[in-house]
Amino acid sequence: MGKIKYELLKEEKNTKARLGIIETNYGRVNTPIFMPVGTQATVKTLSPEELKDIHCGIILSNTYHLWLRPGENVVDQSGGLHKFMNYDGPILTDSGGFQVFSLARNKKKDIIEEGVKFKSHLDGTNLLLTPEKSIEIQNKLDSDIAMSFDECIPYPATYEYAKQSTERTLRWAKRGKDVHNNPNQSLFGIVQGSEYEDLRKWSAEETVKLDFDGYSIGGTSVGEDKDTMYKMVDYAIKYLPKDKPRYLMGVGDPIDLIEGVIRGVDMFDCVLPTRLARHGNCFTHHGRINIRNQKYKEDFTPLEESCDCYACKNYTKAYIRHLIVANETFGARLLSIHNIRFLVKLMEDLRVAIKEDNILEYKEKFIKEYENK
RNA sequence: GUGGAAUUGGUGAAGGGGUUAACACGGUGGAUUGUGGUUCCAUUAUGCAAGGGUUCGAAUCCCUUAUUCCACC
């Protein structure tokens, strides 16, 4: 079939929230959508069947990690990432830029026009990842959506640094696009610009000129406060075309998802639900809870009465607490199922709210309940 | 019965006269936003077997008692 197709179905009356469908070679997904992260070709602790039960549409995987291990050629020989990991839903691959930048020891010397020099986290080997290399790897991985190689600018950043980095990210986007040659894979561009309105505008407009299949807003959720993050989204999104999906990278806090949707974002990804799960934290409509807390030791109720996930339908807080305290992996798995389901269900609810033009009421009710605990 | 050694928090323990008893595990809270999968941070003994004594000052020295262990009869 080829590249993804995005169809805008409806814009909410009172906000910029939008309802849409992304059609991929591996099925259709409704937007706005939350995408769980499966860095090393697995959403940690979960099987593809469990992911299907949660109704998550797209999952992420990571170029950096699969490049180093097992290597993109192994994935290629196996028949591509879908076959390799036995997942027949859509997959998006992150470019590896985020990882590589965090591994670069000396920012001034290691970040060069050609790419980023860094040491492998596996064996310390000196490596160079370039925009071309990232796209070539993603071509071979054969994900449905590939991401341009960019710099996720740390926060805070000076205007000067943000400007030169944002300009370089644009040059990298073009270089990546020029070598992209997988007809079944779509390619997204990434808007940077840190917190500066004119840089966000420039980055969005110039990236759109390169004509990508979708656009993402990067450089968020890197330590800035929430209002700053929302501003970054506002600054960028008004210059993005309506007929392409918009993806806010790395955002997964429930309230941030709502705020993002209201601002016109269609796609989100985040490690938060699975990472929190591994550390015993759990989303509920009354706020986050730490299942390790002693008060749950003899609590034989589910994590949430109203939740339809496998963990809530079959297990108690006391049991899951025991598993987490005893460091049993089944505990992390049950909490991962619940946390991902919580965010996926939140997006389902938001789609209904967009349909009914009452997303602001939904937000108010959700926040009131979530923050009162 | 005689002689010797030991007794520090939930656990393993350091400290052999000088202000707030090391460290580790465990416990209890908290953190975590394009994942370097068991991480990070905080907190956790007003007390060193019990009682008495020496000393300006004692977990550290002395005495008594209790308990445990070892050796000998």
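The sequence lines fix the lettering, A, B, ..., with proteins before strands; numbering per chain opens at 1.
- Pairing analysis of RNA chain B (Watson-Crick: purine N1 to pyrimidine N3 plus N6-O4 or O6-N4; G-U wobble: N1-O2 and O6-N3; both under 3.5 Å) yields stems of 3 or more pairs at B:1-7 with B:66-72, B:10-12 with B:23-25, B:26-31 with B:39-44, B:49-53 with B:61-65.
- In summary, A:Asp308 and A:Arg341 engage in a salt bridge, as defined by a charged side-chain N under 4.0 Å from a carboxylate O.
- Using a 4.5 Å cut-off between side-chain heavy atoms of Ile, Leu, Val, Met, Phe, Trp and Tyr, A:Leu8 falls into a hydrophobic cluster with A:Ile4, A:Tyr6, A:Ile22, A:Val29, A:Ile33, A:Met35, A:Val37, A:Ile58, A:Leu60, A:Leu92, A:Ile145, A:Met147, A:Phe188, A:Ile190, A:Tyr247, A:Met249, A:Met267, A:Val271.
- Listed by chain and residue number, nothing satisfies the side chain to side chain donor-acceptor pair (under 3.5 Å) test with A:Asn30 (two or more places apart in sequence, or in another chain).
- In this structure, the side-chain contact (heavy atoms from CB on, under 4.5 Å) partners of A:Thr228, at least two apart in sequence or on a different chain, are A:Tyr155, A:Glu195, A:Glu224, A:Asp225, A:Met232.
- Using a 4.0 Å heavy-atom criterion, one finds that A:Leu248 contacts no nucleic acid atom at all.
- By the side chain to side chain donor-acceptor pair (under 3.5 Å) test, A:Lys44 is found to be paired with no residue, residues two or more places apart in sequence or in another chain being considered.
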Each nucleotide N or O in nucleotides 26-28 of chain B that has a protein N or O under 3.5 Å away: list the pair and distance.
from: B:U28; atom 1: OP1; to: A:Arg321; atom 2: NH2; distance (Å): 3.0

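- Listed by first and then second residue, the side-chain hydrogen bond (donor to acceptor under 3.5 Å, both in side chains) pairs that reach into residues 319-339 of chain A are A:Glu50-A:Arg333, sequence neighbours excluded.
- A:Asp253 pairs by the salt bridge (Lys or Arg N to Asp or Glu O under 4.0 Å) definition with A:Lys226, not counting sequence neighbours.
- Among the heavy atoms of the strands lying under 4.0 Å from A:Lys226 is at least one base atom, whether or not backbone atoms are also near.
- When heavy atoms are screened at a 4.0 angstrom cut-off, A:Leu272 is found touching the sugar-phosphate backbone but no base atom.
- The salt bridge (Lys or Arg N to Asp or Glu O under 4.0 Å) check on A:Glu113 picks up A:Arg171, with sequence neighbours excluded.
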For nucleotides 36-41 of chain B, 5' to 3', base contacts (B), sugar-phosphate-only contacts (S) and non-contacts (-) with protein non-hydrogen atoms under 4.0 Å give BBBB--
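- Scanning for side chain to side chain donor-acceptor pair (under 3.5 Å) contacts around A:Lys83 gives an empty result, with sequence neighbours left out.
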List, one per line, each side-chain donor-acceptor pair under 3.5 Å for residues 69-78 of chain A, sequence neighbours excluded.
from: A:Asn73; atom 1: OD1; to: A:Lys140; atom 2: NZ; distance (Å): 2.6
from: A:Gln77; atom 1: NE2; to: A:Asn73; atom 2: O; distance (Å): 3.4
from: A:Ser78; atom 1: OG; to: A:Val75; atom 2: O; distance (Å): 2.7

